[in-house]
Amino acid sequence: MDLLEDGEQWETLKAWFRENGLAIVAGALVGVLALTGWRWWQSHTEAQQLAASAEYEKMLAGLDTADLGKALGDLEKFRKEHAGSAYDTSAALEAARIHVVRNELDKAAILLREVADGGRDAQLRTVAKLRLARVQVAQGKPDDALKTLGTGEAGAFSALVAEVRGDVLQSKGDAAGALREYEAAKAARGPSPPSGNDGDLLDLKINDLKGAQ
């Protein structure tokens, strides 16, 4: 009886496998291929990032600072070849800096807005917002600059955002508001850094406004 039951079970198992075995094998193959494909994609992406990094460093080293037009052309070419990469964002920031040097503020603002709104790296997005706010002040658009900076939490950039917001308010003639932001920046920055860096400039801004009260 037991042997008969075992035989029946074996026949049932063989019949089930005939009906479902192909699907099982196919599923296993799909799983293996998916894992292999994912590993290949990771390796491929890392290789692309390394290549882009090396090319970006090489391009920066070769930028002709005496010929800013050529430098902008090189940066534009690099961005087209590496569109969507982290180095595309860095190249956009560098191009914006050159536009500022050339007093092409509108072009700089376009690039900085592109990074601020769509950059892949959160820190670079914040850097772009800070630079864009300064460009907007230079364009005579302080209210736009305040909108760019926003009022949300800036994390590690809290001190910088507060200081730039203070600069914007100062440009609007709001001395009280500027002083409030400068003091907030100083509090967020913590203990005063060694002499000769940005901490001294912030102190000068605060002392100048307090002296004018």
Side-chain angles (χ1 to χ4, degrees), residues 45 48-172 178 181-182 184-185 188-189 197-202 205:
T45 301
Q48 283 187 319
Q49 289 176 342
L50 288 173
S53 175
E55 189 173 342
Y56 183 68
E57 292 298 327
K58 182 180 178 180
M59 182 200 61
L60 283 185
L63 280 183
D64 186 355
T65 54
D67 187 349
L68 296 181
K70 181 180 183 303
L72 285 171
D74 291 342
L75 285 164
E76 183 178 356
K77 179 182 177 184
F78 177 88
R79 292 194 67 203
K80 288 180 179 178
E81 293 174 349
H82 299 278
S85 72
Y87 297 97
D88 174 21
T89 300
S90 297
L93 290 175
E94 180 64 17
R97 184 189 68 79
I98 294 176
H99 280 305
V100 170
V101 171
R102 288 162 60 99
N103 199 33
E104 297 170 344
L105 300 183
D106 289 345
K107 292 180 179 180
I110 290 172
L111 285 172
L112 292 170
R113 173 59 67 190
E114 177 186 327
V115 176
D117 291 345
R120 295 177 59 185
D121 184 274
Q123 291 187 336
L124 290 182
R125 288 198 301 271
T126 302
V127 169
K129 286 182 181 180
L130 289 166
R131 294 183 184 181
L132 176 57
R134 292 195 182 280
V135 167
Q136 288 169 326
V137 169
Q139 290 177 307
K141 302 175 180 178
D143 291 332
D144 287 349
L146 290 175
K147 289 179 182 177
T148 295
L149 293 171
T151 58
E153 175 60 41
F157 289 89
S158 295
L160 276 173
V161 170
E163 183 174 358
V164 174
R165 190 180 290 114
D167 292 342
V168 176
L169 293 173
Q170 177 79 317
S171 75
K172 287 169 61 70
E181 292 296 338
Y182 290 149
R189 184 171 289 172
N197 52 33
D198 293 340
D200 293 325
L201 179 58
L202 180 58
K205 292 177 182 179

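For the pair V115 and L124, the tightest heavy-atom approach, listed with the atom from each and the gap, is CG1-O, 3.8 Å. A pairwise comparison of heavy atoms in Y87 and F78 identifies O-CE2, 3.6 Å as the closest pair. The heavy-atom pair separating A178 from Q170 by the smallest distance is CB-N, 3.8 Å. Contact detail for K129 and A116: the closest heavy-atom pair is CG-CB, 3.7 Å. In this structure, L112 and V135 approach most closely via the heavy-atom pair CD1-CG2, 3.9 Å. Closest non-hydrogen pair, A108 versus A96, comes out as CB-O, 3.5 Å.
At least one donor-acceptor pair closer than 3.5 Å links the side chain of S171 to the backbone N or O of V168.
Surrounding CD of E81 are more than 12 heavy atoms belonging to other residues, nucleotides or ligands, all under 6.0 Å away.
Atoms CD1 and CG, on I110 and L132 in that order, are 11.0 Å from each other to the nearest 0.5 Å. Of the inter-residue distances, the one linking T89 atom OG1 with E94 atom CD reads 13.5 Å to the nearest 0.5 angstrom. Taking CG from L146 and CG from L169, the interatomic distance works out to 5.5 Å, rounded to the nearest 0.5 Å. The CZ atom of R134 lies 14.5 Å from the CD atom of Q139; values are rounded to the nearest 0.5 Å. A distance of 10.5 Å separates CG in D88 from CG in L75, rounded to the nearest 0.5 Å.
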For salt bridge (charged side-chain N to carboxylate O under 4.0 Å, His left out), just list the numbers for K147 and D143, CA-CA rounded to whole Å, side-chain angles, deciding distance to a tenth of an Å, and then say yes or no.
CA-CA 6 Å; K147 289 179 182 177; D143 291 332; over 6 Å; no
Show, in sequence, the C-alpha distance, side-chain angles and deciding distance for L160 and V127, and conclude whether the side chain to side chain contact (heavy atoms under 4.5 Å, CB included) test is met.
CA-CA 9 Å; L160 276 173; V127 169; over 6 Å; no
Would L111 and R79 satisfy side chain to side chain contact (heavy atoms under 4.5 Å, CB included), going step by step from the backbone distance to the final call?
CA-CA 12 Å; L111 285 172; R79 292 194 67 203; 3.3 Å; yes
Does the side chain to side chain contact (heavy atoms under 4.5 Å, CB included) test come out yes or no for V137 and D167, once each step is laid out?
CA-CA 9 Å; V137 169; D167 292 342; over 6 Å; no
Determine, stepwise, if the pair K205 / E163 fulfils side chain to side chain contact (heavy atoms under 4.5 Å, CB included).
CA-CA 10 Å; K205 292 177 182 179; E163 183 174 358; 2.9 Å; yes
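Between L72 and R102 there is a side-chain heavy-atom pair separated by less than 4.5 Å.
Between T148 and R113, the side chains place a donor N or O and an acceptor N or O closer than 3.5 Å (distance only, hydrogens not considered).
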